[in-house]
Enquirer: 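This structure is in structure tokens; I'll ask about it shortly.
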Amino acid sequence: MAEAPKMRPPIETGCPDGFQYMHPLMIKNYGNWAYHDRPRPGVLRHVAKSGDEIWTVRVGTQRQLGPYEINLLCDIIDKYGEGYVRFTIRSNMEISLSSADKVEPLIKAMNDAGYPVGGTGNSVTMISHTQGWLHCDIPGTDASGVVKALMDDLYDEFIKEDMPNRVHITTSCCQINCGGQGDIAINVQHTKPPKINHDLVANVCERPSVVARCPVAAIRPAMVNGKPSLEVDEKKCICCGACFPPCPPMQINDPEHSKLAIWVGGKNSNARSKPMFHKLVAAGIPNNPPRWPEAGAIVKKILKVYKQDAKDWERVGDWVERIGWPRFFELTELPFTKFHIDNWRGSRHMLNQSAHIRF
Ligand code: SF4
Ligand code: SF4
């Protein structure tokens, strides 16, 4: 009788088991921690019920690390640490140590190599950014570049804990997808409808998918120069950019008309007040690489005023709610324009409310 074919064992994918990478003291005391504190900015101490202590040093990185940086950092961690490191969701590195004696030499080695230690407590912690050019096909700016430029400027706020509360800043390289909420958020803002390259549409785009993608039904199939193409009703278009990913000939990125916008007051936490959506405070800011000075100046101004005016433990959104938006614009000297008023009333009859899942 023929042997039954052997089943291929399943290949486990997804997140690997984190225990294999943990510091031995963490595994030993798992679930049995008594308390933790912060002896200085950038350093955490966790004390277990057994009396064991584990020290964590948080180091800021330039986020996108090449082989040179990774090897340099790993060498330092092996030499001055114990070889255990993890990354936070904001791409800080956290290095675990079993004794207080090792903390200062590790900090010195990191500082000597140009890496700051901080990002804990009431600091401006590392800015989170969306994936950008490395992993995505639709960015309108280099979000990681904005982060690097801004964090260079905010270095002191990262290594100190001088803010009224923790400040989370986010950046996003398109205005529809994976950008997050932030105390301060810097997001791309397209200001003109897409320009269509009609020669390419028929070869590259699946027209029904593109038509279905538009949230305000502004795209229609059309014949142009005898070829099947698309047209956009520019009065309806809200310049969201959603048609560009399924159809790159719907070119919406534009060196002149793709701008940055700054939003303020978002938070996901429900400590002391409910989670909040951020609100637009500055629009039409030049998308100006490599240092984005205009966006950086506005963020620094908002942080300066927040630091001076907010009460202890107020997040940026709580502070603005207390003083009111008119006062916020007065204090930050940002111009309040007609573009800040959300007077779009099209959602009921224009937004695509179909329950179909589209890809
Ligand atoms: S924010 Fe938009 S462009 Fe940037 S990585 Fe996310 S989906 Fe892509
Ligand atoms: S998907 Fe967005 S950018 Fe494209 S036509 Fe519709 S509203 Fe305009």
Side-chain angles (χ1 to χ4, degrees), residues 63-64 89-91 127-150 168-182 184-198 200-201 204-222 224 229-263 266 277-278 280 283 287 289 292 295 342 344-354 356 358-359:
R63 296 200 57 114
Q64 292 183 353
I89 52 172
R90 286 180 173 260
S91 297
I127 302 175
S128 70
H129 74 77
T130 48
Q131 300 306 315
W133 311 116
L134 275 186
H135 297 284
C136 187
D137 55 1
I138 58 170
T141 189
D142 172 20
S144 62
V146 181
V147 169
K148 175 70 175 78
L150 253 176
H168 283 150
I169 304 182
T170 66
T171 65
S172 174
C173 40
C174 75
Q175 60 186 27
I176 47 169
N177 288 320
C178 57
Q181 283 287 330
I184 302 174
I186 304 151
N187 294 342
V188 158
Q189 175 194 41
H190 300 300
T191 58
K192 294 277 186 240
K195 289 180 198 142
I196 307 174
N197 184 337
H198 294 289
L200 292 178
V201 170
V204 176
C205 312
E206 200 178 66
R207 290 187 306 155
S209 313
V210 188
V211 171
R213 195 58 97 89
C214 180
V216 292
I219 308 176
R220 288 187 294 259
V224 180
S229 187
L230 298 161
E231 65 182 7
V232 171
D233 179 344
E234 297 197 353
K235 282 204 195 104
K236 278 188 183 175
C237 175
I238 53 173
C239 309
C240 68
C243 49
F244 177 62
C247 183
M250 307 279 288
Q251 186 62 53
I252 194 159
N253 277 341
D254 182 289
E256 193 186 336
H257 300 300
S258 290
K259 305 280 192 183
L260 296 182
I262 294 187
W263 302 67
F277 282 120
H278 51 205
L280 180 79
N287 179 14
W292 291 270
D342 179 8
W344 191 65
R345 294 288 171 264
S347 55
R348 275 285 156 162
H349 60 282
M350 284 166 75
L351 274 184
N352 189 341
Q353 294 173 57
S354 153
H356 281 100
R358 297 182 295 276
F359 295 97

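Sequential numbering from 1 along the given sequence is applied to the chain's residues. In listed order, ligands and their atoms are each counted from 1.
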Enquirer: Would the SG atoms of Cys173 and Cys136 measure under 2.5 Å apart?
Expert: no
Enquirer: Quick one: which ligand 1 atoms are inside 4.0 Å of a heavy atom on Ile138?
Expert: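 Those of ligand 1 that fall under 4.0 Å from Ile138 are 3 (S), 8 (Fe).
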Enquirer: Atoms of ligand 2 less than 4.0 Å from Val216 heavy atoms?
Expert: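 Heavy-atom distances to Val216 below 4.0 Å select 7 (S).
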Enquirer: Would one find an N, O or S atom of Cys136, in either backbone or side chain, under 2.8 Å from atom 8 (Fe) of ligand 1?
Expert: yes
Enquirer: Please could you name the atoms of ligand 2 that Cys237 approaches to less than 4.0 Å, counting only its heavy atoms?
Expert: 3 (S), 5 (S), 7 (S), 8 (Fe)
Enquirer: Under 4.0 Å from a heavy atom of Ser172: which atoms of ligand 1 are those, numbered in the order shown and with their elements?
Expert: 1 (S)
Enquirer: Would you mind listing which atoms of ligand 1 come within a distance below 4.0 Å of any non-hydrogen atom of Gln131?
Expert: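 In order of numbering, the contacting atoms are 5 (S).
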Enquirer: May I ask you to identify the nearest protein heavy atom to atom 6 (Fe) of ligand 2, giving residue, atom name and distance to one decimal place in Å?
Expert: Cys214 SG, 2.3 Å
Enquirer: Given the rule in the side-chain contact (heavy atoms from CB on, under 4.5 Å) test, do Gln64 and Ser144 qualify, once you have shown the distances and angles that lead to the verdict?
Expert: CA-CA 8 Å; Gln64 292 183 353; Ser144 62; 3.3 Å; yes
Enquirer: Kindly indicate whether the side chain of Thr170, heavy atoms from C-beta on, has any atom under 4.5 Å from the side chain of Ile127.
Expert: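 Thr170 vs Ile127: side chains apart.
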Enquirer: For atom 2 (Fe) of ligand 2, what is the closest protein heavy atom, and at what distance to 0.1 Å?
Expert: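 Nearest protein contact, heavy atoms only, for atom 2 (Fe) of ligand 2 is Cys240 SG, 2.4 Å.
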Enquirer: Show which atoms of ligand 2 fall inside a sub-4.0 Å distance from at least one heavy-atom site of Ile238.
Expert: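 Counting from 1, the qualifying ligand atoms are 7 (S).
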Enquirer: What atoms in ligand 1 come closer than 4.0 Å to a heavy atom of Gly132?
Expert: 5 (S)
Enquirer: Kindly indicate whether the side chain of Trp292, heavy atoms from C-beta on, has any atom under 4.5 Å from the side chain of Thr141.
Expert: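 In short, these two side chains touch, coming nearer than 4.5 Å.
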Enquirer: Does Phe244 offer a backbone N or O that forms a donor-acceptor pair with the side chain of Arg213 under 3.5 Å?
Expert: no
Enquirer: Using a distance threshold of 2.8 Å, state whether an N, O or S atom of Cys243 lies below it from atom 4 (Fe) of ligand 2.
Expert: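 A backbone or side-chain N, O or S atom of Cys243 is under 2.8 Å from atom 4 (Fe) of ligand 2.
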Enquirer: What protein heavy atom lies closest to atom 5 (S) of ligand 2? Include the residue and the distance to one decimal.
Expert: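 The closest one turns out to be Ile219 CG1, 3.6 Å.
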Enquirer: With a 4.0 Å cut-off on heavy atoms, does Gly241 reach ligand 2?
Expert: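 The answer is yes: ligand 2 sits under 4.0 Å from a heavy atom of Gly241.
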Enquirer: Out of curiosity, Thr191 OG1 to Gln189 CD, how far, rounded to the nearest 0.5 Å?
Expert: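 It comes to 6.5 Å.
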Enquirer: For ligand 1, which atoms sit closer than 4.0 Å to a heavy atom of Thr130?
Expert: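 What qualifies from ligand 1 is 1 (S), 4 (Fe), 5 (S), 6 (Fe).
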Enquirer: So which heavy atom on Gly132 is nearest to which on Pro139, and how close?
Expert: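 Looking at all heavy atoms of both residues, the closest pair is C-CG, 3.5 Å.
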Enquirer: Can you confirm whether Asp254 sits close enough to Lys192 that some side-chain heavy atom of one is under 4.5 Å from a side-chain heavy atom of the other?
Expert: no
Enquirer: Test disulfide bond (SG atoms under 2.5 Å apart) on Cys205 and Cys247 and set out the steps.
Expert: CA-CA 5 Å; Cys205 312; Cys247 183; 2.1 Å; yes
Enquirer: Examine ligand 2 and decide if any of its atoms is less than 4.0 Å from a heavy atom belonging to Pro215.
Expert: yes
Enquirer: For Cys240 versus His190, what's the shortest heavy-atom pair and its separation?
Expert: O-CD2, 4.2 Å
